Structure formats: C-alpha cells, structure tokens
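A short worksheet on the structure shown next.
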Amino acid sequence: MPLLGLLPRRAWASLLSQLLRPPCASCTGAVRCQSQDFDIAGQFDPMIPDAECLKIMCEILSGLQLGDFLIKMAWKDVRHEMVVKKGLAPEVADRIGDYVQCHGGVSLVEQMFQDPRLSQNKQALEGLGDLKLLFEYLTLFGIADKISFDLSLARGLDYYTGVIYEAMLLQTPTQAGEEPLNVGSVAAGGRYDGLVGMFDPKGHKVPCVGLSIGVERIFYIVEQRMKTKGEKVRTTETQVFVATPQKNFLQERLKLIAELWDSGIKAEMLYKNNPKLLTQLHYCESTGIPLVVIIGEQELKEGVIKIRSVASREEVAIKRENFVAEIQKRLSES
C-alpha cells in the first residue's frame, strides 16, 4: 500500500476526512479544527454531540489500523461531582463507588438503574438517564461494543465537567522479536462546559465536548511496527523522482514531471539547473522514493526514458510515449 508520510494513505484519508468534514446541519456551533483536536461547541440536546465525538474517535482509530481498541468512559471525579456539585447524600455516592470496580456497557447502566439506593435519588437518575441515552445513540452508530462504561477512569484535567473517555489499544500477542508497546491512551476527550466561560468577560456559558488524537503516540506505534518488520520509515509521499546525469536538461525534466503530475503521480525533482546525478540518487535512497526516471543526451537521442528501481538499482529503457503507463503499472504492483 502506498505510504503518505508515515501512515498508509487510507489511514490519513480517514483521519483527515473526519477532522475536516463539515458538521451536520443542526450543529452550526460546531468547531472543527484542522489538527489532532475535534470539538463541538454550543447548546444542543443531551448526548447527541457526545455520541458523535465517540463515533469520530472510533472512525479515526479504525481507519489508522492500529489494532483492536477499547474506549473507556466514565464521569469526571464521580464522588466529588455527586456529593459536592450534585448534592447527593454521601451514602448514595458511596453506593456509586461500589460500582467503580465494574465495567461494561449499557447492561451496567441498567444494573445501576435497578439499585434501590440509586433509583430513589433524582440526580443519580438524571445522570444514569443521560448515560442510557448515550448508549442508545452509540448503538445506533454501531460502536457500542467499542465503549466500556468504567467508573475507575479518572482524567487529570480539572476543566472536565461530565462524561470523559480514553481510547486504549488492546494488547495483542507479540510476534517473534517484537517488543510489547505500552503507550497508554492514544485518544481522549470529554465534556468541558465551563472552560469557554472562563475566558469570556461576561462569563457566558458555552457547553463544549471534544476529543484529541494522540498523533505523536500513533506515530511512535507505527514507526516501531515498521522497524520490527524491517520496513523503511518514509518521510515523503513522493513516488517518482525525475533526474538527469547531464547539464542543461532542466526543460526536459520539467516536461517529464508535468506529465507525471497530470497523470496523478506524486513526483518531484531537485530545484537546481544542473544537479549532480549522485546527489539526486542519494536523495532518493535517503527519503525512500521508490522510482527514478532519468533523461539525458542518450535517452533523448533514442526517444526513451530510463526507469530505475531505487531498491534494486536496476534500470530499464522504456519508449518515451510509454513511460507514464509503465510507472503506473509498477506503482500498482508495489
């Protein structure tokens, strides 16, 4: 599969499509950032934006093909929230604490609904109702099996005010020679309804929910797996390099690279009039560009183009009018 930077093209396509796709028609207050963050700001009905954030997190992690993952979800500082901010009696909060060692899906929420000490408290019922509603949306999105309600989860940032979540990669048996990768969470987020108001002189409250993708950790995972498999970590998506062994061939190189670009092939060349051939070939080897097309006096005279495999250093001469088709064939087979 052709690489785009450090990741397969499908992975980047999935990541970027989710970060850059426009919000749904009803979410006019949504903020979509062209970075590793994704946030929805505004007053909306309960749990709909929260469910979308979890859906997008699942889509990104699935598209990146990092392996199986699980998103743990909980309430921020459960006992403190229930007693100090929600006004629950301490014994009710302690009963919630009994569930801290439990984890599961909607069935755990249903179990808490059936607890008589929780079901008699209005605030507890409201919180459980929101969680049940969230799981209903997650089921409709087809991702409920990727979400685990886990009250032991605690995020350290103080500005979270409601549902919080972290995505963890599930450990898979390591292959021979592989080191287990313990990188912690690869994505996280939650609801932070009070943060924006802290920066508003009038203290206007703007409810927000969002997520962040751990790009650096994901890069680390991909790099380590590629190294283990003996694959070269590429730092460019270029597929073909246009080179020449002689002086005064800039115009011919520009003609070739224009044809490659027009055919949708990712190509580049050195921005010099008369680069040395050895410099050009070393650049291809260091950056992992797989193919080089070479044009010189002999090729121009014979009406051919040389195609060089950077890995094997083998060269073949192809008729000038057929070189793009040959490049496309080789790329499709790689």
Side-chain angles (χ1 to χ4, degrees), residues 7-8 10-24 26-27 29-42 44 46-76 103-106 109 130-131 133-157 159-172 181 183-193 195 207-222:
L7 302 174
R10 278 184 57 196
W12 274 117
S14 174
L15 175 60
L16 294 178
S17 66
Q18 297 311 316
L19 292 178
L20 302 181
R21 69 186 174 98
C24 56
S26 62
C27 294
V31 178
R32 310 263 172 163
C33 301
Q34 297 183 36
S35 67
Q36 70 268 34
D37 295 332
F38 173 97
D39 301 273
I40 299 176
F44 304 108
M47 297 295 122
I48 300 176
D50 307 70
E52 183 180 2
C53 283
L54 287 164
K55 171 64 172 174
I56 289 173
M57 183 179 287
C58 285
E59 289 177 353
I60 292 172
L61 296 178
S62 296
L64 291 172
Q65 301 177 21
L66 300 175
D68 291 335
F69 61 90
L70 183 69
I71 300 176
K72 295 182 178 182
M73 181 179 67
W75 293 332
K76 168 68 176 174
H103 55 84
V106 68
V109 178
D130 283 344
L131 284 172
L133 182 62
L134 177 57
F135 268 106
E136 289 179 6
Y137 296 151
L138 298 177
T139 300
L140 293 174
F141 281 153
I143 60 169
D145 61 325
K146 292 291 186 181
I147 313 297
S148 175
F149 180 41
D150 188 340
L151 285 174
S152 66
L153 176 65
R155 300 217 64 206
L157 298 176
Y159 56 71
Y160 284 112
T161 58
V163 172
I164 55 175
Y165 35 83
E166 285 188 356
M168 314 289 292
L169 294 184
L170 301 179
Q171 287 289 345
T172 57
L181 296 176
V183 296
S185 64
V186 293
R191 177 159 289 280
Y192 53 101
D193 289 342
L195 182 62
C208 298
V209 63
L211 63 95
S212 180
I213 303 298
V215 174
E216 290 188 7
R217 288 185 176 182
I218 290 172
F219 278 0
Y220 173 77
I221 293 169
V222 174

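What you are looking at is a predicted structure, and each value in this text was computed from that prediction instead of being measured.
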At their closest point, which heavy atom of [X] faces which heavy atom of [Y], and how far apart are they?
X	Y	result
Leu61	Val186	CD2-CG2, 3.9 Å
Pro46	Asp130	CB-OD1, 4.1 Å
Cys58	Lys146	SG-CB, 4.0 Å
Leu211	Cys53	CD2-O, 3.0 Å
Ser185	Arg217	O-NH1, 2.7 Å

Report the distance from atom [atom1] of [X] to atom [atom2] of [Y], rounding to the nearest 0.5 Å.
X	Y	atom1	atom2	result
Leu66	Leu169	CG	CG	5.5 Å
Met57	Ser212	CE	OG	8.0 Å
Ile147	Leu134	CD1	CG	8.0 Å
Asp50	Ile40	CG	CD1	8.0 Å
Phe69	Leu64	CZ	CG	9.5 Å

Handout entry: salt bridge (charged side-chain N to carboxylate O under 4.0 Å, His left out) partners for Asp193, two or more places apart
Key =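 Partners of Asp193 by the salt bridge (charged side-chain N to carboxylate O under 4.0 Å, His left out) criterion, ordered by chain and then number, come out as Arg191.
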Exercise for the section: For Glu216, enumerate each residue passing the side-chain contact (heavy atoms from CB on, under 4.5 Å) test, keeping only those at least two apart in sequence or located in another chain. Expected result: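 In terms of side-chain contact (heavy atoms from CB on, under 4.5 Å), with neighbours along the sequence ignored, Glu216 is linked to no residue.
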Problem - Partner set under side-chain contact (heavy atoms from CB on, under 4.5 Å) for Phe141, not counting sequence neighbours - result: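 Only Ala51, Lys55, Ile143 meet the side-chain contact (heavy atoms from CB on, under 4.5 Å) criterion with Phe141.
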Practice task
Apply side-chain hydrogen bond (donor to acceptor under 3.5 Å, both in side chains) to Tyr192 and list each qualifying residue two or more places apart in sequence or on a separate chain.
Solution key: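 For Tyr192 the side-chain hydrogen bond (donor to acceptor under 3.5 Å, both in side chains) partners, ignoring immediate neighbours, are Asp39.
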Would you call [X] and [Y] a side-chain contact if the rule is heavy atoms closer than 4.5 Å?
X	Y	value
Leu131	Val106	no
Leu54	Tyr165	yes
Phe44	Pro207	no

Exercise for the section: Would you please name every residue forming a ring-ring contact (aromatic ring centres under 6.0 Å, His included) with Phe135, sequence neighbours left out? Expected result: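 Testing Phe135 for ring-ring contact (aromatic ring centres under 6.0 Å, His included), a comparison that skips the adjacent residues, returns none.
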